[in-house]
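One structure is given below, encoded as structure tokens.
Quick caveat: nothing in here was measured; it's all calculated off a predicted structure. Within every chain, numbering begins at 1; the chains are lettered A, B, ... in the order of the sequence lines, protein sequences first and strands thereafter.
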Amino acid sequence: MDNIAGTKSSLVWAVNIAVVVLVLLWTIPTFGLLVSSFRDRDQIATTGWWSSLFPHEASLRFRIGDAETQRQEGEVFVIDGSVFEAGGTVSAFGTSNRDPAAHEPGEVVDFGDGISGTVNEDGSYRVTSPVAFEGRSPRLFVTSVTPPRFTLENYDRVLFAQGLGRAFLNTMTVTIPATVIPILVAAFAAYALAWMEFPGRSLLIASVVGLLVVPLQLALIPLLQLHNAIGIGKDYLGIWLAHSAFGLPLAIYLLRNYMVGLPREIIESARVDGATDFQIFLKIILPLSFPALASFAIFQFLWTWNDLLIATVFLGNTQDQLVMTGVLRELLGSRGGDWEILAASAFVSISVPLVVFFAMQKYLVRGLLAGSVK
Amino acid sequence: MTSRFLAARFLATAAAALLSGAAAAQDLKFPPGEDSRFNWDSYESFKRDLSGQSLKIDGPWGGVDKALFETVVAYFEAATGADVEFSGGDGFEQRVMIDVEAGSPPGIAVVPQPGLAQELARRGKLAPLPASAADWLRENYAAGESWVDLGTYAGADGAEALYGFVYKVDVKSLVWYSPENFEDMGYEVPETMEELKALTEQIAEDGETPWCIGLGSGPATGWPATDWVEDMMLRVNTPEDYDAWTRNELAFDDPKVIAAIEEFGWFARNDDFVSGGASAVGSTDFRDSPKGLFTSPAQCFMHHQASFIPSFFPEGTVVGEDVDFFYFPASAEKDLGKPVLGAGTLFVITKDSPVAQAFLEFLQTPIAHEIWMAQTGFLTPHKGVNTEVYGDPTLKKMGDILLQADTFRFDGSDLMPGAIGAGAFWTAMVDYVGGKDAATVAGDVQRTWNTLK
């Protein structure tokens, strides 16, 4: 009896390290996504998010200001400016794709056709020509060290996307009833399945568990057919029913398993005192089941919040009917190449479920029953 | 109180946004009668009264394309008074199947794969177009007969009829390059397939990398290679062989097909010819691969891809200045003319109504083409339009490639059954660039096809 409560196992440090490593492994991808959401598309395409945190060397191709920006200085025409938008240090430059790092900064280089110019270390350039510049202006190849650069533009695009406000309302109109309805139905069903004696109860429980494995994709066409036949068509009522139906098996299963674990003594003493089943359910079971109800509510809310498939099938795809996921998907471009938008919209759409989670958390307390029975 | 006030304000803003959106849809992008380049007569003569009727159109276009198509729809609405609602976006193929099967189809579906339209027709879910539409296509579209064939399928009763009307075409036989990089090295744009191969070898000899090829596309990985092989099919074999191939009358493992696959392999399976080496081809994302044209120093000099690719070029890239394209050339030795590979969208009627028929008639007017031509991303084989309308010289140049084509063939993988064209063919191409030989992968595809018969 050495390791009774109070003495620490000598392997605690190993457990701690393992936990820290797991937590790191778990959060690094999310952190990477967060960093990516502040980078622009070209940055994401060329370098990994980890290199964006430090100054790094990059080779860039730059076209000097076009012919309209030239000005005449005595005999020569000049175009000048800076290759950087946000600062950096030039370590070499060139004028041709053949040798992009041919010259030291400050060196005056012949571009051909009498044009000559130079790039300084701070990125400023000056190109001169004896005749006026026309058409396509020359290119510069610059090797430089650029400081980390982040942008809020992705969030700007996501948050102020056309129709996002409307889509937010649509999503709320879908998710709130689609979370409340299955909880209401499932709580009654779970009480009946847990505490009311009737023939075929076990069979009913087994079939509910069996329904858990039915993939919802299988039911899309028949269900929509049914909705069309009974005149619901594609509307909110239809999507509430669909979400509720798809959520019910899990809800009943979760709640029933929780309720069956409540102490028999409480329910029996209530019966002895003359309470009806409905009173027992309302006054005893429901308040005691709050942790289970809250956890299912979080599940169902997340699932309906993130859903795109059911929404497009049962609600339609027009501008007035789109849910948030639909609008965000549209932002990704018709061929889905815009990773920066994907990253930013992930963090935007995660915000509401986070609020729901923390709001519900206080109900997830254990020990509601502590001391109720001896 | 505050939160209620906020919610009310939010609602009001949303409602205002909705209203202004509805108002904007009524605006016509180019005021009728003003710009003389447009064929306003066709707009005026189309006018009819369909007010009070409504039409739903579903299609694959989201984002920019959706907004552009809506500018065209606005003219139809203005000309007829009908109410048209376009609900486009990703996942169209699944959506339209579910809607049609469940009995709530849109009025018109915009189908990018003829294979899908054919399947819908076979199940009896499409309304045939009037015979006059076929005659119209023959007369007014360049290479008209091939467009009629493309939209003609057997219905539920087995009788063939025209179901699909092609509107909006993409050209796939394009090679993108940076003119200045070519100038720096002294390269010329090749006119024939032989010159293209010589140029490829020349670039490799100079110590540079000629091609950027990337097949990655998530679950659709491999499709960019099908475009290569289809282009090669048209350059080593006759168009008749190509048609037979898409219908599997010419076996997938026929030596003619294997020859085409190996032509693609000549470019893609040589470490010196592709950026990152042959092993990188299968894993590079097709959206990232053209970026090699713009790096410093350039990772590659050429990129074979369809007309949509400029949307994946780095921001600020100017087509025609920073980057340009040339026609993926035909072989000079073989007398196969100038074949062009392309794709397009078919308009089919999924729920017959006078307004749906009227909309397809509207698509026959030059103005329906010119409105989109004058903006971006639209090509048309319509011979009656004024090509001066094209929004930028690049589009006009692509349009010319289309109009000058001796042969136009639709993307073969879209014509094949889904399990092949969007399955076995893709994986075969990934296997092929991964090192398996052409005969083996072609044999694999043919075996899958046999199981479908």
Side-chain angles (χ1 to χ4, degrees), chain A residues 40-42 45-46 58-63 94-101 135-136 138-139 141-143 162-169 217 220-229 233-234 308-309 312-313 316-322 326 329-339, chain B residues 10-11 13-15 17-18 21-22 25 56 58 60-67 85-92 94-95 97-99 101-104 106 178-185 206 208 217-218 285-288 291 294-298 301 308 311-312 314-316 318 321-322:
Chain A
D40 66 36
R41 188 168 109 186
D42 296 342
T46 47
S59 305
L60 34 122
R61 207 172 76 164
F62 180 81
R63 187 181 297 285
T95 57
S96 140
N97 184 54
R98 266 171 181 269
D99 197 354
R136 203 169 67 187
R139 299 186 297 176
F141 295 82
V142 174
T143 308
Q162 207 203 347
L164 197 76
R166 166 83 198 182
F168 181 79
L169 289 186
Q217 286 86 346
L220 292 181
I221 293 180
L223 202 56
L224 188 58
Q225 248 167 357
L226 177 77
H227 285 181
N228 286 330
K234 291 182 154 201
L308 177 64
L309 178 70
T312 42
V313 171
N317 210 32
T318 58
Q319 206 63 46
D320 313 345
Q321 292 170 315
L322 269 184
R329 180 195 54 181
E330 259 191 30
L331 285 179
L332 293 186
S334 53
R335 280 162 214 269
D338 301 350
W339 301 120
Chain B
F10 189 65
L11 273 170
T13 330
L18 258 180
K56 276 190 175 173
D58 197 354
W61 298 319
V64 183
D65 279 341
K66 182 176 176 174
E85 192 173 35
F86 178 69
S87 59
D90 252 6
F92 161 76
Q94 292 84 355
R95 200 167 58 234
M97 227 32 189
I98 291 171
D99 278 345
E101 282 298 324
S104 50
S178 159
E180 285 161 301
N181 286 353
F182 266 46
E183 278 165 29
D184 279 351
M185 303 296 288
D206 292 342
E208 304 280 348
S217 178
D285 195 281
F286 84 95
R287 292 162 280 232
D288 294 335
K291 296 190 169 104
F294 305 97
T295 53
S296 156
F301 281 75
F308 70 82
S311 52
F312 295 102
E315 267 169 67
V318 184
E321 196 172 273
D322 299 315

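- Looking at A:L60, only its backbone comes within 4.5 Å of chain B, counting heavy atoms on both sides.
- Expressed to the nearest 0.5 Å, how far CD of B:Q94 lies from CG of A:L309 amounts to 8.5 Å.
- Minimum heavy-atom separation, B:E101 to A:Q225: O-NE2, 3.1 Å.
- B:D285 is linked by a side-chain contact (heavy atoms from CB on, under 4.5 Å) to B:R287, B:D288, counting only residues two or more places apart in sequence or in another chain.
- Among all heavy-atom pairs drawn from A:S59 and B:S296, the shortest one is CB-O, 3.0 Å.
- For B:K56, no part sits under 4.5 Å from any heavy atom of chain A, backbone or side chain.
- Minimum interatomic distance between A:R61 and B:D322 (heavy atoms only, all atoms of both residues): NH2-O, 4.1 Å.
- Residues that satisfy the side-chain contact (heavy atoms from CB on, under 4.5 Å) test with B:S104, not counting sequence neighbours, are A:L224, A:N228, A:K234, B:D99.
- With rounding to the nearest 0.5 Å, the separation of OG1 in B:T295 from CZ in A:F141 is 9.5 Å.
- Atom OG of A:S96 sits about 10.5 Å away from atom CD of B:E180, to the nearest 0.5 Å.
- Heavy-atom distances place the side chain of B:E183, and not its backbone, under 4.5 Å from chain A.
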Please walk me through it: do B:N181 and A:R139 pass side-chain contact (heavy atoms from CB on, under 4.5 Å)? CA-CA 10 Å; B:N181 286 353; A:R139 299 186 297 176; 2.9 Å; yes
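- Atom CZ of A:R41 and atom CZ of B:F312 lie 7.0 Å apart (nearest 0.5 Å).
- More than 12 non-hydrogen atoms from other residues, nucleotides or ligands lie less than 6.0 angstrom from NZ of B:K291.
- The distance from atom CG of A:L220 to atom CD1 of B:I98, rounded to the nearest 0.5 Å, is 4.5 Å.
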Could you walk me through whether A:N97 and B:F301 pass the side-chain contact (heavy atoms from CB on, under 4.5 Å) check? CA-CA 11 Å; A:N97 184 54; B:F301 281 75; 3.6 Å; yes
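- Contact of B:E85 with chain A is made through the side chain alone, with heavy-atom distances under 4.5 Å.
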